[in-house]
Amino acid sequence: MRLALWWSGRALSSAATLLGVSILIFAAVRMMPGGFAETILGPFATPEQKAELAARYGLDQPVFMQYWHWLTAVAGGDLGTSMISREPVSLELLARLPVTAELTILSVAAAILLGVPLGVLTAVRARPDGGAAVGRLLSGLGVSVPEFVLGSLAVFLFSRYALGLSVGGYVPVTVDPAANLRSMVLPAAVLSIFAISATARTTRDAVLGVLVEPYVTAAVARGESPWFIITRHILRNAAAPVVTLTATITAYLLGGALVVEYVFNLPGIGSYVVQAVGRRDYAVVQAGVLLAAAVFIVMNVLVDLMVGTLDPRLGVTAKGRRA
Amino acid sequence: MRRPLDLLSKGGLGCLLALVAFALGSTVDLAGDPDAIVGPRLAPPGPEWWMGTDNLGRSMLPRVMEGVGTTLLLSCTAVLLTAAVSAAFGILAGYRGGYLNEVVLRLVEVLYSFPAIVLAVLVAAVLGPGQFAALASIVLVTIPLMTRLVRAAAVGVSQRDYVTAAVISGARLPRILGRHVLPNVAGTIAVQGTYALSVGISVEGGLSFLGFGVQPPQASLGVLIRQGGSYMIAAPWLIIGPGTVLVVAILAINVFGDGLRDRLEPRETRSLT
C-alpha cells in the first residue's frame, strides 16, 4: 500500500516536471526571433494576409489558449508541421528515430558491458600508489574528451588512413545489416567513451564502498571464491548507484548523439534538430527538445523502479527524488 | 582535517594556471597578432609557426591563445553567475524550506530534465547564435546541479547549533545566511564550481562547434575546431592543436576538482558532471 502510494507520488511528480518542461519549451519557442507570419509569407505580406494566417493557425488567440491547443495536440501525437518540408514533424522524427536509437543503445550497451567490469576490476585491485593514479588519470581523460573533439579526430584518422570503418554514408539496418554496423561502430565508439569512463568511475566508487562491509569480510573468511563474492555480494549491493547513473548517462548520450550525428553526418534526430535551428524551423526544434527531455524523465522513473526491485530496502523509504 | 592537495590535483591546478598565463599572453600579442597573415596557407607546424597555419595563412599559436582566453573568460563568467544564483536560491531554499523550497526544487528539476547540449541549442535558437547564447547556456546548464547540492548542504548546516544560537541571539536573516550558513556551504560551492567550469568549457566548445556559440572572426576553442574541420584531411594540426588544449583544460579542472572535493568534502559521493 505504501509502495503504491509512493509510486503514484513519483508518477505525479514526473508528470509535473514534464508539464514544466513543456511550458518552458513553449515559452522559448514563443520568444524565438523571426515572426511566424514573416517566415511563411515573406517580407511583402499585407496586414490582411498576416491576419488571415494568424487566424488560420490560432495565433490571434490568448497565449494560454495557444499553449493548451499545442499541449493537447502533442498529447495526441501531433507535433506540428515542419515549416521547411511541410511534412508532419512526428513522421520526420519517426523516420530518423532508428539512427539515434541505435546510436544510443549501442553506447549504453558498451557503457554497461565495458564500464562495469572495468570499474569492478580497478576497485578490487586498487592499491594506494602508482597504479591508482594512472587509472584515475585515464578514466579522468575519458570523461574529459568532448565528443566533437574525439569525433573530429576519428573522422580524420579513419578517412585519411582508410582503417576499414566507413565514415559517414549511413546505411539503414534494413538494407544491409553488416554495412549498417560498419557505419555505426565509429560514431557509437566516440559517443560511448564518456559513458564507459563515467560508468567505470561510478562502479569503482560503489564497489569500494561495499568492499569494507562486514558481509564481504565474512564471505572471504568462509573461503568463498572471488568470483562468487563479486557476483553475489558486491555487484548486487553496488548496483543502485550504477543503475541510477544509467539514467543520467542516457540524458547525456541524447545530447552527445546530437553532436556525434552532426560530426558523422548521420541522418538522426540530433542532426535534424541542429539543421532546424539553422533554418529557424521552430516546430522541429520544439519537438526534438521536448522528446529528449521526455525520454530523460521516463528513464528516471524506470530507473527508480529498477533500483527499488534490486534493493527492496530503498523502495519505500528511498529518497523519492534524486539526491 | 586540512589535508594538502595530492600531487595529481596540484598538477591539475598548475596546468590550469599555465593555461591562464597562455591566454593572457594573447592580450599582449606575445606570439603575434592572431589575425595577421604570416605565412603560406595550411603550413604544418614549424619553427616560425609552432602550431601550423590555417587556411588563410594565419599562425595558429596566437589564435589558440586567443581561443583559450575567450573560452575561459566566457566559462568563468558563466560559472560565477551560476554560483551567485545557486548560492542565493540554494541557501534560501535550504534554510527556509516550505513553499520556497518546493518552488526552487521544481524549477531545478525542470531544467535538469534537458540534456546539456540540447538545452544549449534551445537557448541559442531563442537568443540567436553568439557569445551571449553561449554564456546563458552555460549558466542554465550548470545551475540545476549546483543549486541542488548547495540546498542539500544548507539544509544540513541550518540544523547546526551555531545557527540556532545565532537565531536565539536575535540575528537577522541576512546575517544568519551570510555569516553562518554561507561560509559553511562555501566548500560545496567551490567544488561544484570547478566541475561547472569544466562543463562550461565543454558546452561552449560544443555549441561553438555546431556554429551557434561564439562567432568568427573571434576565436574560441570550439570555433577553431569547427573551422579546422573543413581542412582536417590536409591540415590535421588545425584540430589537433586546439583539441588538445581543450582536453587538457577540461582534464586539469576535473582532476583539480576531484582533489578539492576529497579535501573539502571527504565523504561526498562522486557526482556525474
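Chain identifiers are assigned alphabetically (A, B, ...) following the order of the sequence lines, protein sequences preceding nucleic acid strands; residue numbering begins at 1 within each chain.
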Q. With a 4.5 angstrom heavy-atom cut-off, which part of B:L210 approaches chain A: side chain, backbone, both or neither?
A. both
Q | Region of A:V274 in contact with chain B, defined by heavy-atom distances below 4.5 Å | A | both
Q.
Are the side chains of A:R201 and B:D258 in contact, using a 4.5 Å heavy-atom criterion?
A. yes
Q: Counting only heavy atoms closer than 4.5 Å, note whether B:I253 contacts chain A via side chain, backbone, both or neither.
A: neither
Q | Residue pair B:I117 / A:G256: nearest heavy atoms and the distance that separates them | A | CG2-N, 4.4 Å
Q | Contact summary for A:S152 and B:I225, nearest pair of heavy atoms | A | OG-CG2, 4.2 Å
Q | Atom group of A:F156 that falls short of 4.5 Å from chain B, counting heavy atoms | A | both
Q. Quick one: what part of A:L141 sits under 4.5 Å from any heavy atom of chain B, side chain, backbone, both or neither?
A. both
Q | Least distance between heavy atoms, A:F148 atom then B:S202 atom | A | CE2-O, 4.1 Å
Q | Validation row: A:V149, B:V247 side chains within 4.5 angstrom (heavy atoms) | A | yes
Q: Return the option, out of B:A249, B:G243, B:P236, with the maximum number of heavy-atom pairs under 4.5 Å with chain A.
A: B:P236
(Q) For A:S144 versus B:N254, what's the shortest heavy-atom pair and its separation? (A) OG-ND2, 3.0 Å
Q. In terms of heavy-atom pairs under 4.5 Å, which option from B:I250, B:L119, B:V248, B:L127 contacts chain A the most?
A. B:I250
Q: Tell me, out of B:V118, B:L107, B:V255, who's got the most heavy-atom pairs with chain A below 4.5 Å.
A: B:V118
Q: Heavy-atom pairs under 4.5 Å with chain A are the metric here; pick the option from B:G128, B:G205, B:G12, B:G206 that has the most.
A: B:G205
Q | Over 12 foreign heavy atoms within 6.0 Å of CZ, B:F22 | A | yes
Q | Residue among A:L18, A:V295, A:V277 with most heavy-atom pairs under 4.5 Å to chain B | A | A:V277
Q) Any side-chain heavy atom of A:F296 within less than 4.5 Å of one from B:Y112? A) yes
Q) What's the shortest heavy-atom distance between A:A251 and B:P115, and which atoms? A) O-CB, 3.1 Å
Q) Can you say whether B:A116 sits under 4.5 Å from chain A via the side chain, the backbone, both, or neither, judging by heavy atoms? A) neither
(Q) How close do A:L153 and B:I239 get, counting heavy atoms only, and between which atoms? (A) N-CD1, 4.1 Å
